[in-house]
Amino acid sequence: MIAFILRRIVQSVIVMLTVAIVAFALFRFVGDPVASMVGQETTLAERAEIRQALGLNDPFPVQFFNFVTRAVQGDFGVSYRLQQPVMELILSRLPATLELALVSGVLAFFFGVGFGVYTALRRGNWLSGSIMTISLIGVSLPTFLIGVLLIWVFAVELQWLPSFGRGDTVYIGDWWRTGLLTESGRASLILPAITLGLYQMTLIMRLVRAEMLEVLRTDYIKFARARGLSNRAVNFGHALKNTLVPVITITGLQMGSIIAFSIITETVFQWPGVGALFIRSVQFVDVPVMAAYLMLIALVFVVINLIVDLLYYAVDPRLRVDRSSARG
Amino acid sequence: MTAISNKPPLLSVRDLVVEFPTRRGTLRALDQVSFDIAEGEVLGMVGESGAGKSLTGAAIIGLLEPPGRIAGGEVWLRGERIDNLSVEKMRRIRGRRIGMVFQDPLTSLNPLYTVAEQLIETIRTHIDVSEKEARKRAIALLDRVGIPAAARRIDDYPHHFSGGMRQRVVIALALSAEPELVIADEPTTALDVSGQAQIIDVLKDICAERGASVMLITHDMGVIAETADRVAVLYAGRMAEIGPVRDVVQAAEHPYTAGLMGAIPTLTQTADRLTQIPGSMPRLNAIPQGCAFNPRCPRVFDRCRAERPELIARASGRHVACWLYETETENV
Amino acid sequence: MSDALLSVSGLTRRFDVSKPLLNRVIEREDRQFLTAAADVAFEIRRGETFALVGESGSGKSTIAKMIVGLLEPSEGEIRFDGKGMDFASGSAMRALRRRFQMIFQDPFASLNPRWRVGDIIAEPIRTFGLLRGAAIGAEVGRLLDLVGLSASDAEKFPHEFSGGQRQRIAIARALSSKPEFIVCDEPTSALDVSVQAQILNLMRDLQDEFGLTYLLISHDLSVVRHMSNRIGVLYLGRLVEVAEAKRLFTEPQHPYTQMLLAAVPDLALSGRRRTPVTGEIPNPINPPPGCAFHPRCPHVMDHCRTDAPASHPTASGEAACHLLAPSRAAAQTAQD
Amino acid sequence: HAETIRWARVGDALTLDPHSQNEGPTHTLNHHIYETLVGRDDDGELTPRLATEWGISEDDENVWVFTIREGVMFHDGSEMTVDDVVFSINRARTTPSGMAALHAAVEEVTAVDDTTVHVRMSGPAPLYVQNLTNTFIMSQAWAEENGVEVAPDFAAGEEAHSVRNTNGTGPYRLVERDPEVRTVLQVFEDHWDDAPEVTEIIYTPISEAATRVAALLSGEGDIVQDVPVQDIARLEQTEGISVVRGPENRNIFFSYDMTSESLASSDAEGNPFASPEVREAMSLAVDRNAIRQVVMRGESQPSAAPLPPFVNGWTEEMHAFDDPDLERARELMAEAGYGDGFTVQLDCPNDRSLNDESICQSLVGMMAQIGINVDLNAQTRSLHFPLIENWETDFYLLGWGVPTFDSQYVFDFLVHTREGSYGSFNGSRYSNPELDAKIEALATMTDLEERDALIAEIWDEVMEERIFLNIHNQVLAYAMRDGINLDVHPENQPHMATVTFD
Amino acid sequence: MTDFTPENRPSIFFRAWDSDVAYSFRRSPLAITAALVSLVIILAAIFAPWLAPHDPFNPASLNLMDGFTPPMEPNAFTGNVYWLGTDNQGRDVFSTILYGARISLFVGFMAVLFAMVLGITLGLIAGYRGGWLDSLLMRVADVQLTFPSILLALLIFGVARGFIPPAYREAMAIWVLIVAIGLSDWVQYARVVRGATMVEKNKEYVQAARVIGAHPTKILVRHILPNVMGPVLVIATIGLALAIIAEATLSFLGVGVPATQPSLGTLIRIGQGFLFSGEWWILLFPAVTLLALALSVNLLGDWLRDALNPRLR
Ligand SMILES: Nc1ncnc2c1ncn2[C@@H]1O[C@H](COP(=O)(O)OP(=O)(O)OP(=O)(O)O)[C@@H](O)[C@H]1O
Ligand SMILES: Nc1ncnc2c1ncn2[C@@H]1O[C@H](COP(=O)(O)OP(=O)(O)OP(=O)(O)O)[C@@H](O)[C@H]1O
Ligand SMILES: [Mg+2]
Ligand SMILES: [Mg+2]
């Protein structure tokens, strides 16, 4: 167990470093930050000066070393664009993204598992066929279009739900700003959460269905039926639980991509999260923010992976003895 | 067909037909299979792979996998017809009155639950006892099937057990609600030579102890010979021969059974060549007219190719489906 | 003895089953090895059938794989027709390779489902460059005929055949390079008895016709009894007894052999009361010290628990048991 | 009574520091919190604000004299003094202030008495006051207290207090600031001027055009700036919504490398853009009216003049353009030796000015008519502008605003040979020493008539050379709920204090 | 390969028609519809230059004044009538959809092909060789999985732009896109192939080939590869739909094919801007096309997955 966590941590550090290197190397190509930092009156000489002051002219290893040494202390510098400490900026935006990701993740998980189980158990009936087909729309249209269409229908035409933003927010503790506790906050969450969750829901649903169909054919399910267990016990106690083992992994990985995909949803709904921050930062070549965001994403993944592994560990007793063959 | 004793049989299967509708027509996997199992009796069921042994078991316990379905015939359990019961009623029979043991102990147990959980769940599904009581019963049962330190090991997960031990657990599970009939579908095939005998012994002893009847499905004639009271031989979904084990093993009447017995190498005799039945069992979509065995039969004659033989009662409760014996029947 | 086609000596194979380094460091464990075959030595004479029996996990397949080069021995030597086999060296091996072949257990897995039967059978011919062009087709037809199928079956795919027919195809493939020696790893254990009889008969016929030498692996003693001239009994990777087939069954020397024989169901209904088999095979990673069989042995003696028995000659071969040590042997016979 | 305005536009102010960034949206928001000495009204005229009067000193033509308004309070309750004005101008003209370039000619700022500030220039600077419309006055005491005596530095590595905190004299004070999310301003009771009708402003940037429009349509916004041109007509027709529009001080033009030997992105022999015939042909091939009609949905002012109409030096004559004449254009191409056309890459921003990418795209079609095969490279501004800055583009689109409302600004940046502070956006590599001399002279000319004449002279030359292929001046549109009155500001700096309600 | 002379061998066509997969196909109206729809779109895309009434990729043929013509109505200035109307550049929407689908499908197919070739090769090698090479590849895959594909594609696109000289960016954009989408997608192929290879390599038919000394490359390519293609095909089908959508998403984020040669995704991004202004046709038709394409390809993938799963038959 300790060994396993240790190994995970070592792997995580390597992952983080790799992401840092890759991300950092990439920034050299996304554009010139100075051009978007200064007004048009700034002379070329002044621009060069700023570049020098920002350390953009240092050799790559120097820049990287500086970045990493500061990053491990939690210091990602100051945003070129907003002149605010990046860490603070990201932390202030993170709750919005996490709430959105969590809610859509939970929605996706529950609907995904529910529909997946239903369509697996009722294979061939028209309702499960329809669910299967309709759910595909979630992966057959680009997210941004789904978002825009939802706004059009529910905000503009029907005026049921807000079209943008997070509504009213209140603070929990010092910095966690939540929209979940206010009515407008919850209303604002609905459309973005659907937009973001639809894709994941489809994936989870399909996965659950496929896994469930596999599991339903296993001997132990047959044996469970032969023992006269009720359908409920067999389908949910035995089949679903076994289905969830792989589903947890994928859902865990999806959680990360939910956060990444929130870039689009946040942009469409002007959701004040880190994704929108990132995409604006790309436009403005706000390197410190971009770097911090990528590190954050990597961190989130690493943490989620760890949680998933621990969950795995909790769910599947086989792994408690021998981990070496667990991950494929 | 008459039962071997005066008491009504525990299980009576009458003209059971199981079909699989497929794109190329309906396959008849079991064709008018009839047999009885008496109380306390061990009935062996042998036949080549695909003969329909497992299907018979699955059909009795109502677990045919779709699209397979019972297309005809009846199954009676202690005078009660069970092949047409509602799903819920049938569920209550499974485990409680008919237990089942599958071939592969490695995959029969849900890896995510402890043995205790699975046992207690089963017991409490059928018998109204407290959790504690169920656990006590479970431990006793494990102890009975020969799991050392049962009280401690009951909380282990299946993967903590070796293959032989797991099969014991499976047997314990099948017997946990004290069924009257146990259907064991090749319970030892996945085990080692040395383990096989142990498992068969456990199964047989416990069932005898509790007065449960056993339907032992296997393709190992040796196991049957040692364990069963009577043996039924299936061929291509049809009953070829059924009778007391000694009769069938030592003096098979159906040419197929005879061939089968000759094909088994033994430790004692040293023939240079084994008797061999030419060809192989027909596929379900190509079962020949008349007797299903006729193309391979060394004693085939015209009638065999045209008419399907019924089970014919022979001396000492033996039945054979072969035209060779028709005339003799009349004498009986 | 000089007639040995294949001889192995000191053949040992260890599998590294250690946990990952980090786990070992933290849990303070050493590297762990599973010895699947330990110091195995036997000879197979030209034209005979030598059988290896043993329970699952006793190392039968491991030995077979080492002999045909699918696994590298950790130690020991394999000599084929007097020449040491070294699978690393290309050209010398190429010539040797076509002289031995293998038949596998699972007739469903041993044929590539995407290949036509003709191509499957022709693969060794093509690989060894034995024939070209239309001659290949003719040869394939002949081989199919030989194993009791028809030449037109070459066009079909494996899934169109039954298990027994597939095993025939596998045999045809094994014969296609005209080998002298065939390793058969449980060739019939997946088949029904009636089909098994066909295959065993076929194997016999082919042996008679081509003078083949077989290494037959099985856990079915009756099959072994029926097919082989000499038998080696394996327990936990160790060869505990080697004997002439007939002798082995009438006078088993090693207690393990005796136990195995006792476990065979009695078809003859002789009413013989079987000695119940006790215990299970121990974990091969930590085999018991001394004689690996001692925890299950009815005749266990103190020094069985500490000293590994050496091989002692028996009437028709040898056996590794302290009971057979010359000093003990007498006492033992007296006891029986 | 309280009137709240929910105001949305595409981007947020980058900072609330009054001098850090010389950038439109930043100034727009800051104008509500801070005030400048002089303001600019909707006609582009200067208006008094914190300065009640201004002019060049009668004694010294190098000195500007400002009379400072009395009784002005900062939001923290302190009174504004001339020292604050001196401090603010000094802060604004010291790097790293983003405003420094506008005050480059300032030599010294002094408070002469309680109401008078003198700004000494290094030479005559007749237009200096035009540079002051975005230079805000802040409290010296507050700045010192919070350690923001100088404008925040990019490389500082930490956040300056003034980035998210303010203490101005403006009609609104800052209540809540969440950059790029929400900024809330409330009316400042002690403001010197008449109380505005709008008492609270909730300012939300919405970057997606569709979402922005949706916000207005769904009733979640009151005033929306940066309305996509295609939605203007629809919004106008929507009940309860009205749209105001007006010209912006910004023109959109193409320019090209006219001086290099050959073009990196072109297969042509030599440099086709060096040929006056080619440049003329291109001009003749452009259908400005079509661009206005289709791409801009009528929301632009087609013009040949490479400067917005507000700007000193603009003439009706320059503005006029001919209808496209493809016939003649093809002839010219042939004359220039490019009868078979050539290939060239066009670099274009896709997120800077209204429909920039679409304009470029239509130009591709128009150029194709005369055999110029244009590859369009549209990308984000941070990738686009460095191309111009580094002379890595052969052909590009640029939008240019003239905050000083004087042609000199255009010449300095776009026409003068690139050297020192001159020509940083001169992507055409145009270099004419004679013209350079004239441009430099403009800076210190005090005789405005003479200066205007020189400007016209320079423009003649520039137009003659066709350094720019101007397309149009941008037209601004603000959409709002009915009952709100707000005029379009030429620098796109609407002020909520000017809003009235029906 | 086969040199047996066929006598009564049924034609390839018949055998394909008669196969289980084909049977399950014929039995599924959904699969047939999906196949028809995809086929129509794919064919229309392939033959776009012959089918389309206009060539929207030829800027010289465009008349800006045709812009925003509603479907089936004459343009107010030019009087031209277009089936599905025109977009903001005066391009015929119908033709642009055909050409756009061509680009989308090209990007999709090539990206899938790229990911497939890369993933299969690495998966085969990792699965067959095992050991450190396998560990290394799988760790790389882990890291890659750690990175959301959209982000990765975005970054790859960014880097490529940096590397490629400005003069070639235009021409290379589509290839960069393909590589970006493909690179962010190879992992799942590699994982599936690796898993299947590890299963297959222990199957006895592979051992039989090894016993006769067949070369590892031959074993991998001739023996194992055909047997691991089933799941790969399923992933590839669904991957095609995903790649097409990914391309659209990237175009929304501002990276993608040039606007002068729009893909379906770019068309949708453009059309999305006209949702409120009344020019619904600029968005609707491309969106419906994309939906139809992606949906039908996904449905086919779904069906294929079930059809190839022997356990579900
Ligand atoms: N789902 C199905 N569809 C079509 N045929 C089936 C199906 N399931 C079983 N069968 C057929 O039914 C016949 C009987 O199968 P069954 O499993 O009872 O054989 P068995 O005697 O138990 O064989 P084994 O010894 O291999 O277990 C076989 O021929 C088999 O092919
Ligand atoms: N690649 C491997 N890695 C680790 N252990 C192995 C490996 N291959 C075989 N073993 C172990 O070696 C021992 C001998 O295996 P082997 O396959 O030779 O047994 P066998 O006698 O053929 O058994 P069976 O009758 O089940 O085929 C077993 O304990 C097995 O688990
Ligand atoms: Mg069976
Ligand atoms: Mg083996």
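Note that the structure is a prediction, hence the values are computed from the model and not measured. Naming: A, B, ... by sequence-line order, numbering from 1 per chain.
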Interface residues of residues 188-199 of chain A facing chain D - heavy atom cut-off under 4.5 Å: none
Interface residues of residues 90-103 of chain A facing chain D - heavy atom cut-off under 4.5 Å: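 Only A/Arg93 of residues 90-103 of chain A have a heavy atom under 4.5 Å from chain D.
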Determine all donor-acceptor pairs shorter than 3.5 Å in which one atom belongs to a side chain in residues 147-163 of chain A; sequence neighbours excluded.
residue, atom, partner, partner atom, Å
A/Trp152, NE1, A/Glu157, OE2, 3.4
A/Gln159, NE2, D/Leu217, O, 3.0
A/Ser163, OG, D/Glu220, OE2, 2.8

What part of [X] gets closer than 4.5 Å to chain A, counting heavy atoms only: side chain, backbone, both or neither?
{"X": "D/Arg418", "value": "side chain"}
{"X": "D/Ser207", "value": "both"}
{"X": "D/Asp178", "value": "side chain"}

Minimum heavy-atom distance between A/Gln270 and D/Ile206, given as atom pair plus value: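 Closest approach of A/Gln270 to D/Ile206, heavy atoms only: OE1-CA, 3.2 Å.
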Closest heavy-atom pair and its distance - A/Gln83, D/Glu159: O-CG, 3.3 Å
From D/Arg164 atom CZ to A/Leu82 atom CG, the distance as rounded to the nearest 0.5 Å: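 With rounding to 0.5 Å, CZ (D/Arg164) is 9.5 Å from CG (A/Leu82).
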Residue list, salt bridge (Lys or Arg N to Asp or Glu O under 4.0 Å) with D/Asp436, at least two apart or on another chain: none
Interface residue of largest heavy-atom contact number with chain A, from D/Pro205, D/Ala100, D/Ala13, D/Gly11, under 4.5 Å: D/Pro205
Side-chain ion pair, A/Arg81 and D/Glu23, N-O less than 4.0 Å: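 Salt bridge absent between A/Arg81 and D/Glu23.
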SB check A/Arg280 D/Glu208 (cutoff 4.0 Å): no
